[in-house]
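Positions are given from 1, in the same order as the sequence printed here. Just so it is clear, the model here is predicted, and its values are computed rather than measured. Excluded from the calculations below are hydrogen atoms, water molecules and symmetry mates; all remaining heavy atoms, backbone and side chain alike, are included.
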Amino acid sequence: MSETAVTYSHDQATAHDAVTALLRDAGVDLDESLLHPPKGGTEQVMAITGKAGSGKTLLLAELYRALDAAGVEVVSGDYESRKRRDKRSLAILAPTNKAASVLRLRGVPATTIHRILYTPVYDPEYERIAEWLAGQGERPEIAGLTELALDRAAAFYASNKSIPGALAAAGLRGSDFITGWKRREEPLDIGFVDESSMLDDKQFADLKEIFPTLLLFGDPAQLAPVNQSGTMVFDKLPKKRVIHLDRVFRQDADNPILDLAHALGDPDLSFETFERMVEDAARRDPRVVWGQRVEVDLMARSPVLVWRNATRIRLINAFRSVHGAPEDALLPGEPLICDGLELPLKHRKKRLDLEARGLIKGAQVVYLGEGRKPGFSRLHVMGAEDPQVSAASIVKIEKPEEEEPFIPFAARMGATFLHGAAVTIHKAQGSQWDTVQVFAPDLYAAARMGRMEAGQPLWKRLAYVAITRAQERLVWVVRNRLARPTEPLRVDDLKVQVAPTLTLEEDDAAAG
């Protein structure tokens with residue numbers, strides 16, 4: 001267990017006991033720290049649900065630590081030891097890179113569902129380093145790698161639990177140690193899935209095929225996946241397999257942001273009454289702000305959250321306009337959101353060169369300037385251990401009432417980016433920022449339309465998700481106005497260092 005004793009609430013203790021019983025049936029006895037071989041042929045699924053502040057993540061983290069202390073091996077999408085076959089294992093998953101990164105920042109080694117479906121094949125020489133880092137082998141001697149490089153790899157792995165990241169810290173690229181990828185052929189063991197409200201039926205079916213023991217953690221008040229008719233996968237489980245956590249934590253009792261989020265559960269609450277609650281909270285507490293306009297200075301580091309895509313595009317173009325950004329170029333300091341990697345299948349192993357540096361779908365990035373090669377950008381990846389990189393980029397700027405985005409510059413293949421000054425609330429699920437601006441006119445439009453989702457007004461679900469993205473301060477913007485910037489876009493507040501260039505080999509690029 002963790003070094004600091006954790007005191008569970010009554011409902012958390014009940015949930016912990018239920019999970020302990022589930023795991024005991026699967027052959028993992030946490031009370032006695034005993035591991036037995038899997039029984040086989042049995043499928044067990046349980047869900048832990050609760051609203052923001054109810055302690056789901058705390059419970060997940062403590063269960064992970066208990067399993068780790070009992071000797072259960074953690075499996076990630078980065079690397080799997082060949083010596084794992086006879087061991088009990090745990091994989092901690094999230095539907096998106098954004099959601100997985102939130103867990104990793106809390107010390108929980110999470111990966112994405114997609115990454116667990118495909119496993120990397122390591123070069124045997126560098127696999128010796130991976131085995132050593134994973135505690136399965138002796139410290140190796142590798143030609144071309146100094147003891148200092150191995151020490152850097154070990155220090156990185158100790159804090160991040162990422163094999164590719166550790167090898168990158170030693171000075172290696174993904175194409176050095178990854179020789180290919182293969183789809184998982186054998187099932188795994190125990191799976192924890194965070195943000196399971198984002199799962200669709202197909203993903204859930206895939207997970208049940210891979211994991212005989214599956215534990216879902218989800219918030220029933222969030223937005224259901226598209227084309228799921230407002231339902232979430234845990235809604236279909238037997239009631240005895242769903243443990244609900246209520247909000248009881250003392251540290252949340254004086255949090256006006258969570259107070260507002262939980263007030264949305266009142267079925268009689270109207271949009272107008274809720275806005276009065278926001279206004280009252282803003283008078284009492286500086287953590288809630290009644291905003292008369294969108295603060296453009298904040299948009300450079302945390303996006304405005306909106307419902308309608310047209311609103312998102314208008315705000316992005318307004319942001320660029322007030323900063324005097326030219327149509328055919330980006331200004332240093334403009335925020336971007338990574339929208340994925342456009343690489344042919346044969347470049348799958350090159351993907352780790354980018355992903356190991358944090359260029360994953362949903363990553364928040366700040367543009368620093370043009371790279372040394374055409375189509376390359378110098379970028380600062382927010383929250384990354386080694387944040388500044390130069391990468392082949394495809395940047396798309398969407399325009400109001402135009403179907404096709406404007407592309408100021410682009411490499412033939414590489415990381416794709418959308419502008420990050422505003423994002424939809426759906427896209428924001430799984431992410432958090434210190435300060436969040438919520439564009440209330442969009443939510444008012446949803447309320448006027450009277451749309452429902454799973455028996456609840458859509459505006460309430462949108463408001464709940466948007467509000468709970470704020471860690472420290474919530475700005476509730478009530479007017480369709482944009483403040484003027486108080487200073488130009490800047491990059492001097494970001495960590496400065498020389499950015500290594502992440503490239504694809506010239507012969508491969510020409511062939512792609």
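Taking the side chain as every heavy atom from C-beta outward, Leu379 and Val366 never approach each other to under 4.5 Å. Between Phe234 and Arg241 the shortest side-chain heavy-atom distance does not fall below 4.5 Å. In this structure, Val294 and Val296 have side chains that are not in contact, with every pair of non-hydrogen atoms separated by 4.5 Å or more. Residues Asp268 and Thr273 have side chains not in contact (no heavy-atom distance under 4.5 Å, counting atoms from C-beta outward). Between Leu207 and Ile113 the shortest side-chain heavy-atom distance falls below 4.5 Å. Counting heavy atoms from C-beta on, the side chains of Leu264 and Leu269 come closer than 4.5 Å. At least one side-chain heavy atom of Phe192 sits under 4.5 Å from a side-chain heavy atom of Leu67. Under the 4.5 Å side-chain criterion, counting only non-hydrogen atoms from C-beta, Val233 is in contact with Asp201.
Listed for the Arg469 side chain is no donor-acceptor partner under 3.5 Å among the backbone atoms of Gln432. Without hydrogens or angle criteria, His419 side chain to Ala421 main chain gives a donor-acceptor distance under 3.5 Å. A donor-acceptor pair under 3.5 Å links the side-chain atoms of Ser393 to the main chain of Ala391, judged by distance alone. A distance-only check finds a donor-acceptor pair linking the side chain of Asn317 to the backbone of Ile313 [under 3.5 Å]. No donor-acceptor pair under 3.5 Å is formed between the side chain of Lys56 and the backbone N or O of Phe217. Between the side chain of Thr416 and the backbone N or O of Gly340, at least one donor-acceptor pair lies under 3.5 Å. Judged by distance alone, the side chain of Lys460 and the main-chain N or O of Asp266 form a donor-acceptor pair under 3.5 Å. In terms of modelled atom types and a separation under 3.5 Å, the side chain of Arg293 and the main chain of Asn480 share no donor-acceptor contact. Side chain of Asp189 to backbone of Ser89: a donor-acceptor contact under 3.5 angstrom is found. A distance-only check finds no donor-acceptor pair linking the side chain of Asp339 to the backbone of Phe417 [under 3.5 Å].
A salt bridge links Asp493 with Arg301; the closest basic N to acidic carboxylate O contact falls under 4.0 Å. No salt bridge links Asp434 with Arg473; every basic N to acidic carboxylate O contact stays at or beyond 4.0 Å. Here Lys202 does not pair with Asp200 in a salt bridge; the nearest charged N to carboxylate O distance is not below 4.0 Å. Salt bridge status for Glu334 with Arg320: present, with a side-chain N to carboxylate O gap under 4.0 Å. No salt bridge links Asp68 with Arg65; every basic N to acidic carboxylate O contact stays at or beyond 4.0 Å.
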Next on the checklist: If you apply the rule side chain to side chain contact (heavy atoms under 4.5 Å, CB included), what do you find for Gln12 with Leu58, and how did you get there?
Outcome noted: CA-CA 9 Å; Gln12 279 183 313; Leu58 173 67; 3.7 Å; yes

Checklist entry - Hey, mind stepping through Gln364 and Trp433 against side chain to side chain donor-acceptor pair (under 3.5 Å) and telling me if it holds? => result CA-CA 11 Å; Gln364 185 184 5; Trp433 294 272; 3.2 Å; yes

Checklist entry - How far apart are the C-alpha atoms of Leu482 and Met299, what are their side-chain angles, what is the distance that settles it, and do they pass the side chain to side chain contact (heavy atoms under 4.5 Å, CB included) test? => result CA-CA 11 Å; Leu482 190 73; Met299 296 170 72; 3.8 Å; yes

Item to check | ring pair (Phe, Tyr, Trp, His ring centres under 6.0 Å) between Tyr444 and Phe271, worked out | outcome: CA-CA 7 Å; Tyr444 176 67; Phe271 181 85; 5.6 Å; yes

Checklist entry - How far apart are the C-alpha atoms of Val478 and Gln292, what are their side-chain angles, what is the distance that settles it, and do they pass the side chain to side chain contact (heavy atoms under 4.5 Å, CB included) test? => result CA-CA 6 Å; Val478 297; Gln292 293 293 327; 4.1 Å; yes

Checklist entry - Under the side chain to side chain contact (heavy atoms under 4.5 Å, CB included) criterion, do Leu214 and Gln44 qualify, and how do the steps go? => result CA-CA 6 Å; Leu214 193 60; Gln44 300 188 103; over 6 Å; no

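In this structure, the separation between CD on Gln437 and CG on Leu474 is 9.5 Å, given to the nearest 0.5 Å. Expressed to the nearest 0.5 Å, how far CG of Asp194 lies from CD1 of Ile92 amounts to 9.5 Å. In this structure, CG on Leu443 lies 6.0 Å from CG on Leu462, to the nearest 0.5 angstrom. A distance of 7.0 Å separates OG in Ser377 from CG in Leu330, rounded to the nearest 0.5 Å. Taken from CG in Leu494 to CE in Met382, the straight-line distance is 6.0 Å, to the nearest 0.5 Å. If you take CD1 on Ile407 and CD1 on Ile397, they are separated by 10.0 Å, rounding to the nearest 0.5 Å.
Of all the heavy atoms in Leu90 and Val72, the pair that sits closest is N-CG1, 3.7 Å. The two residues Ala447 and Trp459 have their closest heavy-atom pair at CB-CD1, 3.6 Å. Counting all heavy atoms, side chain and backbone alike, Ala100 lies closest to Ala110 at O-CB, 3.9 Å. Closest of all the heavy-atom pairs between Met198 and Pro95 is CB-CG, 3.8 Å. The two residues Pro335 and Ala300 come nearest to each other via the heavy atoms CB-O, 3.6 Å. Taking every heavy atom of both residues into account, Thr468 and Ala52 meet most closely at CG2-CB, 3.6 Å.
With a 6.0 Å radius and a threshold of 12 heavy atoms from other residues, nucleotides or ligands, Glu272 has its CD atom above the threshold. In this structure, Arg276 places its CZ atom where more than 12 heavy-atom neighbours from other residues, nucleotides or ligands lie under 6.0 Å away.
Every salt bridge (Lys or Arg N to Asp or Glu O under 4.0 Å) that Glu487 has, sequence neighbours left out, goes to Arg490. Not counting sequence neighbours, the partners of Pro332 by the side-chain contact (heavy atoms from CB on, under 4.5 Å) test are Val491. The salt bridge (Lys or Arg N to Asp or Glu O under 4.0 Å) check on Arg451 picks up nothing, with sequence neighbours excluded. Looking at residues two or more places apart in sequence or on another chain, you find no salt bridge (Lys or Arg N to Asp or Glu O under 4.0 Å) involving Asp17.
The list of side chain to side chain donor-acceptor pair (under 3.5 Å) pairs with a residue in residues 208-225, not counting sequence neighbours, reads Asp219-Tyr464.
Taking the six-membered ring where the residue is Trp, the centroids of Tyr367 and His380 are separated by 6.0 Å or more.
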Check residues 302-310 and write down every donor-acceptor pair under 3.5 Å in which the side-chain atom is one partner and the other belongs to a residue at least two apart or another chain.
| residue | atom | partner | partner atom | Å |
| --- | --- | --- | --- | --- |
| Ser302 | OG | Thr435 | O | 3.0 |
| Arg308 | NE | Asp442 | OD1 | 2.8 |
| Arg308 | NH2 | Asp442 | OD1 | 2.9 |
| Asn309 | OD1 | Arg312 | NE | 2.8 |
| Asn309 | OD1 | Arg312 | NH2 | 2.9 |

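A tilted orientation is assigned to the rings of His16 and Tyr8, their planes being inclined by 30° to 60°. Under the 30°/60° scheme for interplanar angles, the aromatic rings of Trp476 and Phe274 are found to stand perpendicular.
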